[in-house]
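Inspection log for the structure reproduced underneath, given as C-alpha cells.
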Amino acid sequence: IHEFSLVSYDAKSFSDAYDANAQVASLFYKKLKKAGHKVKNSVIDSSVDDTSILFLLKESIEEISDSFPCSIRIGVGFHNYDQGQYHYLGKALSDTEQLAHVSSLVKSFDLGYVEAPFYETQLKTYLALKDLVHQSCLVCYSSKIHEFTVALLEHSFTAVLFDYPNLTDFRDNLHAF
C-alpha cells in the first residue's frame, strides 16, 4: 500500500477534524515505535506489513474516538499495480485476488476511502468493488493519462482523484455528458 490517511466525513468544522486526526496520528506513531517499527519523516519502514499498520491505526482511532465529536476513518492509497499484478510485501495478486483483498480490508478495518485500488483500465473491477462497498467506503478512481470519460460513463467509482493542473482535462470529460 502506497499511503494511509485519516478522514472525517461528519466533522462540524475543519478544526474538529484536524484535532482528532492529530491525536490519532500521535497515538499511532507512539504505537509504531513501541512495537519496534522505524519511522522517519512520517515514512514507515517498508518491512512493516500493511495489515499491522491498519491494526495499529484502527486501534488508535478506537482509543480516542470517545473524546471527539466526529468520527475518524482510515483511507488507503494503493498505487501498487505493476506488470499485471498488485504488489505487497512478499506477495503479488491478480485482479480477482485484489478485489477480494481490498473488499476484505474495507470490511475488516472500516475503511472510509480507497484510492487507486486497481489499474485505471480495470473499470469492471472498480465497478465490482463499488457495488460491494459503496454504502460504507468511497472508491476513488485515478488516471495517469487523465482520461475519465469511460469511467464516468460506466459509473465505476464514487470519487475521483486528479491533479489540479489537469482540472481542464477533467472538465472536458464532464462536458462529454
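Along the sequence shown, the residues carry numbers beginning at 1.
Lys130 contributes no side-chain N or O that, together with a main-chain N or O of Cys140, makes up a donor-acceptor pair within less than 3.5 Å. With Ser103 contributing its side chain and Leu99 its backbone, the two residues share no donor-acceptor pair below 3.5 Å. A distance-only check finds a donor-acceptor pair linking the side chain of Ser108 to the backbone of Ser104 [under 3.5 Å].
Separating the CG atom in Asp110 from the CG atom in Leu57 is a distance of 12.5 Å, to the nearest 0.5 Å. In this structure, CG on Leu56 lies 11.0 Å from NZ on Lys34, to the nearest 0.5 angstrom. Interatomic distance, Leu6 CG to Asn21 CG, rounded to the nearest 0.5 Å: 4.5 Å. For the atom pair Leu123 CG and Thr121 OG1, the distance stands at 7.0 Å (nearest 0.5 Å). Once rounded to the nearest 0.5 Å, the distance linking NE2 of His101 with CG of Leu93 reads 6.0 Å.
Inter-residue side-chain proximity for Glu120 and Gln122 is flagged as unmet; no heavy-atom pair is nearer than 4.5 Å. No side-chain heavy atom of Glu97 sits under 4.5 Å from any side-chain heavy atom of Lys91. Using a 4.5 Å heavy-atom cutoff, the side chains of Asp16 and Ser8 are not in contact. Residues Phe68 and Gln23 are in side-chain contact: their nearest non-hydrogen atoms beyond the backbone lie under 4.5 Å apart. In this structure the side chain of Ser60 never reaches within 4.5 angstrom of the side chain of Ile64, judged on heavy atoms. Between Asp50 and Ser52 there is no side-chain heavy-atom pair separated by less than 4.5 Å. In this structure, the side chains of Val76 and Leu105 stay at 4.5 Å or more apart for every pair of heavy atoms. Taking 4.5 Å as the limit, some side-chain heavy atom of Phe28 sits within range of a side-chain heavy atom of Leu32.
Closest of all the heavy-atom pairs between Tyr113 and Ser5 is CD2-OG, 4.4 Å. Across all their heavy atoms, Pro117 and Leu129 have their closest contact at CG-CD2, 3.9 Å. Nearest heavy atoms, Ala11 versus Cys70: CA-CB, 3.6 Å.
Ser26 is linked by a side-chain contact (heavy atoms from CB on, under 4.5 Å) to Lys30, counting only residues two or more places apart in sequence or in another chain. Listed by chain and residue number, nothing satisfies the ring-ring contact (aromatic ring centres under 6.0 Å, His included) test with Tyr18 (two or more places apart in sequence, or in another chain). Listed by chain and residue number, Lys31 satisfy the side chain to side chain donor-acceptor pair (under 3.5 Å) test with Glu59 (two or more places apart in sequence, or in another chain).
No side-chain N or O of Ser65 forms a donor-acceptor pair with one of Glu62 less than 3.5 Å apart. In the model, His79 has no side-chain atom that pairs as donor or acceptor with a side-chain atom of Glu3 under 3.5 Å. In the model, Tyr88 has a side-chain atom that pairs as donor or acceptor with a side-chain atom of Gln98 under 3.5 Å. There is a side-chain donor-acceptor pair under 3.5 Å between Ser71 and Asp10.
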Tyr86 and Asp95: side chain to side chain donor-acceptor pair (under 3.5 Å), yes or no, with the steps? CA-CA 8 Å; Tyr86 301 91; Asp95 288 330; 2.8 Å; yes
Go through it in stages, so that I can follow the logic: the residues are Tyr126 and Tyr119, the test is side-chain contact (heavy atoms from CB on, under 4.5 Å), and I'd like the CA-CA distance, side-chain angles, deciding distance and then a yes or no. CA-CA 9 Å; Tyr126 266 98; Tyr119 187 64; over 6 Å; no
Could you walk me through whether Arg73 and Leu111 pass the side-chain contact (heavy atoms from CB on, under 4.5 Å) test, one step at a time? CA-CA 6 Å; Arg73 306 275 301 280; Leu111 300 184; 5.8 Å; no
I would like to know whether Val139 and Val133 meet side-chain contact (heavy atoms from CB on, under 4.5 Å); could you show each step before the answer? CA-CA 8 Å; Val139 177; Val133 303; 3.7 Å; yes
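Side-chain heavy atoms closer than 4.5 Å link hydrophobic residues (I, L, V, M, F, W, Y) into clusters, and following such links, possibly through other members, connects Ile74 to Phe55. Following chains of ILVMFWY side-chain contacts shorter than 4.5 Å, one can reach Phe109 starting from Leu27, so the two form part of one hydrophobic cluster. Taking hydrophobic clusters as Ile, Leu, Val, Met, Phe, Trp and Tyr residues chained together by side-chain heavy-atom distances below 4.5 Å, Leu127 does not share a cluster with Val106.
In this structure, the ring of Tyr81 has its center no less than 6.0 angstrom from the ring center of Phe118.
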